[in-house]
Amino acid sequence: RGLFHFNFELGRCEHYQHDPSDAGSLPIDQLLCLLIDRDGRLWIGCNNGGGLCRYRRETNDFERVALNPGDALGEAFGVVRALAQGPDGAIWVGTHKGGVARYDLSGKRTDVFDRDRGVPSALVRAILAHEGLGMWIGGPGGIARVHPSGPVFQPFEAAPQWDENTQGERGQRGGTA
């Protein structure tokens, strides 16, 4: 539970955990995904309302990143399942119920893309960044390509035997686009 970091230079392991009395601790101990961006910053996707956080090396603590201020309870953005950095440097965040969010590091702005904006599923399990082919978003409803010139989603529908309730092929649980 929590996050372990092995420091090769010092030859020691550090263990970070949630501490309710410390606002700079991990928001929760159940972590689902990690991303080290081009500048060496560690981003962490958490489960059960923990959302997205970033490790601050300078202060050796964690900063919680608010993806959608309107989602006060963290219901849509409280579970982060996938992270990737886009060619433009933005952090793309795949959520359990909110689709995908694009967090712009330079302007601290978040764009949210859900089913109404072309994301095949509110549950996003995978994000792939490709320099020439744009971003690829995957979940139980299929995959979508985000065109490199802007946030235009090109969906590739899942085969008819797939649906969000079974989350797998031909009713088998565990399949992922």
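Small disclaimer: the values here were computed from a predicted structure and weren't measured.
Without hydrogens or angle criteria, R64 side chain to G50 main chain gives a donor-acceptor distance under 3.5 Å. For R12 (side chain) and N7 (main-chain N/O), no donor-acceptor pair under 3.5 Å exists by modelled atom type. The main-chain N or O of H18 is found under 3.5 Å from a side-chain atom of D29 such that the two form a donor-acceptor pair. A donor-acceptor pair under 3.5 Å is formed between the side chain of R117 and the backbone N or O of V112.
The shortest side-chain heavy-atom distance between M135 and I127 falls under the 4.5 Å cut-off. With contacts defined as side-chain heavy-atom distances shorter than 4.5 Å, the pair L52/I44 does not qualify. In this structure the side chain of V100 never reaches within 4.5 angstrom of the side chain of T95, judged on heavy atoms.
The local environment of CD1 in I36 is sparse, with at most 12 non-hydrogen atoms from other residues, nucleotides or ligands closer than 6.0 Å. Within 6.0 Å of CD in E9 there are 12 or fewer heavy atoms belonging to other residues, nucleotides or ligands. Atom CZ of R57 has 12 or fewer heavy atoms from other residues, nucleotides or ligands within 6.0 Å.
The hydrophobic side chain of F4 is isolated, with no ILVMFWY side chain under 4.5 Å apart from it. In the hydrophobic clustering, F6 connects to F8, either directly or through intervening members, whenever side-chain heavy atoms lie under 4.5 Å apart.
Taking the side-chain contact (heavy atoms from CB on, under 4.5 Å) definition, one finds that S21 meets it with D19, sequence neighbours left out. For N60, the side-chain contact (heavy atoms from CB on, under 4.5 Å) partners at least two apart in sequence or on another chain are E14, Y16, Y55. Under the salt bridge (charged side-chain N to carboxylate O under 4.0 Å, His left out) criterion, D39 pairs with R41, not counting sequence neighbours.
Salt bridge status for R102 with D88: present, with a side-chain N to carboxylate O gap under 4.0 Å.
Applying the side chain to side chain donor-acceptor pair (under 3.5 Å) test to residues at least two apart or on different chains, the pairs with a partner in residues 76-85 are R81-H96.
W43 pairs in a side chain to side chain contact (heavy atoms under 4.5 Å, CB included) with only one of the listed residues (L34, L83, V80, V93), which is L83.
Residues L128 and I143 share a single hydrophobic cluster, defined by chaining ILVMFWY side chains whose heavy atoms lie under 4.5 Å apart.
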Report the C-alpha separation of D114 and V119 in whole Å, then their side-chain angles, then the decisive distance to 0.1 Å, and conclude whether the side-chain contact (heavy atoms from CB on, under 4.5 Å) test is met. CA-CA 5 Å; D114 55 16; V119 176; 5.7 Å; no
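For the atom pair NE2 (H15) and CG (L3), the distance works out to 7.5 Å, reported to the nearest 0.5 Å.
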